[in-house]
**Q** 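First, the structure itself, so that you have it in front of you.
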2 protein chains.
Amino acid sequence: MLYLIGLGLSHESDITVRGLETVKRCTRVYLEAYTSILMAADLASLEAYYGRSVILADRELVETGSDEILRGANEDDVAFLVVGDPFGATTHTDLVIRAREMGIAVETIHNASVMNAVGACGLQLYQFGQTISLVFFTESWKPDSFYDKIMENRKIGLHTLILLDIKVKEQSLENMARGRLIYEPPRYMDIATACSQLLEVEEMRKEQAYTENTPVVAVSRLGSPTQKFKAGTLKELSEYDSGAPLHTLVMLGRQVHDLELEYLYQFVDDKDAFRSKVEQDQEFFKPPPYVPPEENLSD
Amino acid sequence: MLYLIGLGLSHESDITVRGLETVKRCTRVYLEAYTSILMAADLASLEAYYGRSVILADRELVETGSDEILRGANEDDVAFLVVGDPFGATTHTDLVIRAREMGIAVETIHNASVMNAVGACGLQLYQFGQTISLVFFTESWKPDSFYDKIMENRKIGLHTLILLDIKVKEQSLENMARGRLIYEPPRYMDIATACSQLLEVEEMRKEQAYTENTPVVAVSRLGSPTQKFKAGTLKELSEYDSGAPLHTLVMLGRQVHDLELEYLYQFVDDKDAFRSKVEQDQEFFKPPPYVPPEENLSD
């Protein structure tokens, strides 16, 4: 059996009881280590917590070495641990499809991921549209396909969850060219960078999918002991010091309920100023006022 | 401290290790018992698992008796257990706001909810639009505001998560009128009822937000030992026997990736027939083909 086990967001003890029991009895345990990190734990503390060794699975192993991960899993139990949920932002459907081709049964032990725990900021999950990802810009590479998706979400009033880039085990162009297996230190996008990049794209596109006054919520270290939320405009949070990673950003849509707003006030500097920005932002993409049909007017 | 603790989807042991440790040391433990159920557990088995008594919190207690729940929580620890995640489909922001007004600290211990675990059907979470809820229709009450939301999602190509009605501790009109505290047996909407109601609304509205050939995925008992997925058209699944509750439905959007489709094939009766329905459905709301600008043609 292949077990896909979600680890949740932060602590070693965020694993479910059923997940922990399963880890303890598997023959081999892999930890997917390239799309996210467990904020309050590392490999050594996980191994101590489980009382067993854990194999780090980098992108190369997962994408090209899945047969090694699945070796023997038709008879023994193999665990594949994923920070958050196995079917969260990064899905592992290709590993599951390969397992099924090899006749290996698969069971998933779910956990919280940013995709649902972000509801803790007070915005209602069922009011979110499609999720977008924001990668680190370089001088020559500023992909902006997310812009159209934000536009689509906001045209129909929905909030947008914006996942921020994580660079783990990346090589510099020079080291890659010379074939040197030297990796750059990991980088995690912070809130200020995310907001600045968003504003840079709006500056280029000028279609007003959002403006510098559009309200956003910074979600920092979600689910960890130092979790913090901060609400403000894109412009304000482009200068916000969000501290240690991980971070996520939410851009508000037009359909903000009073209860959502009431909840966000605890995360703002100035309640009246924030409400005024929210009201101003709601004018974008607002449907035109109702006009009764012609035939009724002729009565 | 008020602890909001997610229980996950099905088993007693789907609680996180940190959640279980917290439950064991709280002064009082409440279980929110009106918006969902834990499929493989009940109150007695939870009490046995935790080794302590658990107070059932019905809608009335949560909505009007929050001061009773929060009593003493500024000095002692109180746990409020929620099936899924505390900030999943039903949020408990009002309880948190009340706690903060009373000067009571709040900590959330997250878990999986249908809002993220539905990714296990193979459709990618970041391609979902807003979530809708479908309530049991009666002869005189067939609310259809969800229809416009499905239309909005599908116009921009997104999948729609459709949460199905749960009726717990409901009174009949007669018993309510006579003031008799007699409750109807709980009812959980199944897949056939959901698909039939969706088709009934399309029949009334005729705006083709979807048709009887639109592909959907039935998600039954998600996260439980008898979890089952079934993919087919709305018409096909309007006659599907989905078995014991709980159920959720996902309607596909136009942006179906090959990997998503490949994954869904394991849940269909006839792969070629399903692919043909998906391709046919993708014609709805498809953007017009690209036409090069006039000035290029004049060269």
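Chain letters run A, B, ... following the sequence lines, proteins first, then strands; residues in each count from 1. Just so it is clear, the model here is predicted, and its values are computed rather than measured.
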**Q** Under 3.5 Å, side chain of B:Asn116 to main-chain N/O of A:Asn111, donor-acceptor pair present?
**A**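 Indeed, once roles are kept as given, a pair shorter than 3.5 Å links the two residues.
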
**Q** Please name all residues satisfying side chain to side chain contact (heavy atoms under 4.5 Å, CB included) with B:Glu152, sequence neighbours left out, ordered by chain then number.
**A**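 Residues passing side chain to side chain contact (heavy atoms under 4.5 Å, CB included) with B:Glu152: A:Ile156, B:Gln130, B:Lys149.
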
**Q** Measure distances from A:Gln266 to the heavy atoms of chain B and classify the residue's part below 4.5 Å as side chain, backbone, both or neither.
**A**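 Side chain only.
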
**Q** Picking from B:Gly253, B:Gly129, B:Gly19, which has the most non-hydrogen pairs under 4.5 angstrom with chain A?
**A**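 The residue among B:Gly253, B:Gly129, B:Gly19 with the greatest pair count is B:Gly129.
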
**Q** Does any backbone or side-chain atom of B:His11 lie under 4.5 Å from a heavy atom of chain A? Answer side chain, backbone, both or neither.
**A**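 B:His11 touches chain A through side-chain heavy atoms alone.
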
**Q** What part of A:Phe128 is in contact with chain B, defined as an atom under 4.5 angstrom from a non-hydrogen atom: side chain, backbone, both or neither?
**A**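 A:Phe128 touches chain B through backbone heavy atoms alone.
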
**Q** Hey, what do you get for OH (A:Tyr126) to CG (B:Leu161), rounding to the nearest 0.5 Å?
**A**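 The OH atom of A:Tyr126 sits 13.0 Å away from the CG atom of B:Leu161.
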
**Q** From A:Leu9 CG over to B:Thr108 OG1, what is the distance, rounded to the nearest 0.5 angstrom?
**A**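 With rounding to 0.5 Å, CG (A:Leu9) is 11.0 Å from OG1 (B:Thr108).
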
**Q** Which atom names give the shortest non-hydrogen contact between B:Ala112 and A:His110, and what distance separates them?
**A**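 Closest approach of B:Ala112 to A:His110: CB-CB, 3.5 Å.
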
**Q** Specify the closest pair of heavy atoms between B:Leu20 and A:Val17, including all atoms of both residues, with the distance to one decimal.
**A**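 That would be CD2-CG2, 3.9 Å.
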
**Q** Is B:Tyr49 in contact with chain A via its backbone, its side chain, both, or neither, using a 4.5 Å heavy-atom distance?
**A**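 Contact with chain A is through the side chain of B:Tyr49 alone.
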
**Q** Compare every heavy atom of B:Arg18 with every heavy atom of A:Gly223, then report the nearest pair and how far apart it is.
**A**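 Minimum heavy-atom contact is O-NH2, 3.7 Å.
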
**Q** Return the CG to OG distance between A:Leu125 and B:Ser113, rounded to the nearest 0.5 Å.
**A**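 The distance works out to 6.5 Å.
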
**Q** Among A:His159, A:Glu260, A:Arg100, A:Glu107, which has the most heavy-atom pairs under 4.5 Å with chain B?
**A**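 Answer, by heavy-atom pair count under 4.5 Å with chain B: A:Arg100.
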
**Q** If you round to the nearest 0.5 Å, how far is OG1 of A:Thr16 from CG of B:Asp14?
**A**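 So the gap between those two atoms works out to 6.0 Å.
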
**Q** How many angstroms lie between atom OG1 of A:Thr131 and atom CG of B:Leu158, to the nearest 0.5 angstrom?
**A**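 With rounding to 0.5 Å, OG1 (A:Thr131) is 9.5 Å from CG (B:Leu158).
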
**Q** Considering all heavy atoms of both residues, which atom of B:Ile97 and which atom of A:Tyr263 are nearest to each other, and what is their separation?
**A**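 So the two residues come closest at CG1-CD1, 3.7 Å.
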
**Q** For A:Ile15, which atoms come within 4.5 Å of any heavy atom of chain B: side chain, backbone, both, or neither?
**A**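 It is both, since atoms from each part get that close.
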
**Q** For B:Ser224, what residues pass the side chain to side chain contact (heavy atoms under 4.5 Å, CB included) criterion, not counting sequence neighbours?
**A**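 Testing B:Ser224 for side chain to side chain contact (heavy atoms under 4.5 Å, CB included), a comparison that skips the adjacent residues, returns B:Ser10, B:Met39, B:Arg221, B:Thr226.
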
